[in-house]
Amino acid sequence: MELCDLDAWTLSSMLQEGKTTSRRITESVLHRLEEREPVTNAFITVTRDLALAHADRADERIRSGKRRSPLDGIPVALKDNLCTRGTPTTCGSRILEGYVPPYDATAVQRILEAGCVPVGKTNLDEFAMGSSTENSAAGPSRNPHDPERVTGGSSGGSAAAVASGETIVALGSDTGGSVRQPAAYCGVCGIKPTYGRISRYGLVAFASSLDQIGCLGRTVKDCALVLNAVCGHDRKDSTSAAFPVPDFLEAVGRGLDGVRIGVPTEYFVEGLDAGIRARIEEALSAMERGGASVEEVSLPHTPYAVAAYYLIATAEASSNLARYDGVRYGLRANAQDGGAIQMYERTRSEGFCREVKRRILLGTYVLSAGYYDAYYLKAQSVRTLIKRDFDEVFRKVDCLVTPVSPCLPFRLGEKTEDPLTMYLVDIYTVSPNLAGLPAMSVPCGKVEGLPVGLQIIGKPFDEETVLSVAEGYGQAAEQD
Ligand code: GLN
């Protein structure tokens with residue numbers, strides 16, 4: 001076991017007790033990164049020198065008793081759709097080639113203020129559109145548990161980096177499952193908090209009403225530590241919530257006693273892998289033995305969630321991505337005689353991948369006159385119904401437990417030719433985004449040697465229950 005294999009909490013106390021230094025931890029992470037990167041392709045940019053400089057400054061603070069937070073000196077990896085001042089931010093797209101943001105995203109600024117050491121920018125599906133990290137101009141990431149398989153997506157690089165010791169914690173983004181599903185596929189923890197909990201300022205927009213930044217780590221506690229650092233109101237994001245932020249670390253230890261868990265029947269239907277179902281059922285039994293009560297509940301509009309998500313997300317994306325015109329950012333295609341229109345056309349044709357273009361077309365279509373009511377407005381109504389389903393069940397239960405994905409990490413290339421099959425992978429993760437709810441993925445054993453994820457969905461702004469149930473589950477499972 002090397003330093004890079006330990007969790008942030010353990011490393012934090014070692015740092016505090018003077019048993020190691022941030023430089024040693026960072027060197028261990030960078031060494032592992034060099035070793036594994038040829039296989040995982042988890043990073044688009046590695047900021048080696050920056051990391052070492054930050055590590056030395058953290059050591060200086062810790063030595064002089066000026067530790068900024070428990071995360072001071074701990075390596076973090078940042079998804080490459082988070083703006084980082086002075087470090088390229090590509091969103092996994094050719095169209096942002098050469099773009100270096102002049103500012104840090106608020107979440108980045110806060111994690112750095114907490115003392116974290118930035119090791120680099122992680123791979124993702126282009127503009128976070130995908131479920132496998134195969135839609136990246138930087139090539140696909142590969143699952144550390146089996147390099148022939150996908151990491152999940154779109155925060156696949158962040159998840160793979162945490163899983164393989166190429167970082168200790170990471171930030172990702174989650175519009176329809178992009179933190180939780182790769183966390184599940186790579187066997188790590190990942191939480192998407194309530195919409196509004198973390199400022200989206202400086203997160204490159206995909207679908208603004210669904211996007212949330214999320215945290216990945218090896219343990220529930222590590223996710224709580226990162227949440228503590230990045231959550232909270234921000235004037236620069238009008239959708240960020242002016243709610244008080246609790247100490248999430250304190251919530252982690254509350255246990256399962258008396259917690260009422262709901263299991264939505266609609267999530268355990270045809271299409272769910274039998275092995276995954278078995279793991280989730282075992283987990284529910286463990287939670288019952290740990291003191292929770294489990295009851296079946298119904299979320300009747302679940303069958304419409306994927307359709308509603310892919311209408312709303314593409315509509316918002318078509319509008320958000322209109323800004324990449326070759327004028328203001330990154331790539332500009334050569335169009336000597338054709339004038340501006342040809343320049344736009346070529347830049348966008350050459351700059352975006354097929355999936356992104358598909359979504360821009362879909363989104364433009366559903367927003368166009370004549371189709372707006374039939375598709376976009378309908379999808380918005382379904383969104384309201386989905387939200388109401390959750391409101392209803394949360395009168396009876398404290399949280400919901402479901403699978404994260406209906407299938408195991410699939411093989412590279414297996415679903416790329418069939419977008420609909422790829423979209424269906426998101427069946428269990430999109431609803432919390434449509435309803436704005438916090439949701440977390442925690443490891444829940446393996447099937448055929450591949451990790452399985454358990455999803456815990458909470459009430460709005462009740463990340464505390466999500467975290468305490470996640471930790472309680474881990475402890476109950478250990479006792480079995
Ligand atoms: N897989 C979903 C999609 O392709 C979700 C992506 C995300 O959460 N960013 O849209």
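Quick note: numbers below take in every heavy atom, side chains included, and nothing from hydrogens, waters or symmetry partners. Start at 1 and go down the list; that is how both ligands and their atoms are numbered. Nothing here was measured: the structure is a model prediction, and the numbers come from that model.
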Query raised in the report: Should Ser298 and Glu266 count as side-chain neighbours, where that means a heavy-atom distance under 4.5 Å?
Result: yes
Query raised in the report: Listed by chain and number, what are the salt bridge (Lys or Arg N to Asp or Glu O under 4.0 Å) partners of Arg323, not counting sequence neighbours?
Result: none
Write 'none' if nothing qualifies; otherwise put on separate lines each N/O atom of ligand 1 with a protein N/O atom under 3.5 Å away and their distance to 0.1 Å.
unit_1   : atom_1 : unit_2 : atom_2 : d
ligand 1 : 1 (N)  : Gly130 : O      : 3.0
ligand 1 : 1 (N)  : Ser131 : OG     : 2.8
ligand 1 : 1 (N)  : Asp426 : OD1    : 3.3
ligand 1 : 1 (N)  : Asp426 : OD2    : 2.9
ligand 1 : 4 (O)  : Gly130 : N      : 2.9
ligand 1 : 4 (O)  : Tyr310 : OH     : 3.2
ligand 1 : 4 (O)  : Arg359 : NH1    : 3.3
ligand 1 : 4 (O)  : Arg359 : NH2    : 2.8
ligand 1 : 8 (O)  : Thr175 : N      : 2.7
ligand 1 : 8 (O)  : Gly176 : N      : 2.6
ligand 1 : 8 (O)  : Gly177 : N      : 3.3
ligand 1 : 8 (O)  : Ser178 : N      : 3.0
ligand 1 : 8 (O)  : Ser178 : OG     : 2.7
ligand 1 : 9 (N)  : Ala128 : O      : 2.8
ligand 1 : 9 (N)  : Thr175 : OG1    : 3.4
ligand 1 : 9 (N)  : Ser178 : OG     : 2.7
ligand 1 : 10 (O) : Tyr309 : OH     : 2.7
ligand 1 : 10 (O) : Arg359 : NH1    : 2.8

Side chains of residues 444-453: which donor-acceptor pairs under 3.5 Å do they make with residues two or more places apart or in other chains?
none

Query - Pairing residues for Tyr195 by the ring-ring contact (aromatic ring centres under 6.0 Å, His included) criterion, not counting sequence neighbours - result: none
**Report entry** Steps toward ring-ring contact (aromatic ring centres under 6.0 Å, His included) verdict (Tyr103, Tyr201)
**Finding:** CA-CA 10 Å; Tyr103 67 101; Tyr201 180 73; 5.2 Å; yes
**Report entry** Aromatic ring pairing Phe410/Tyr185, orientation class (parallel under 30°, perpendicular over 60°, tilted between)
**Finding:** perpendicular
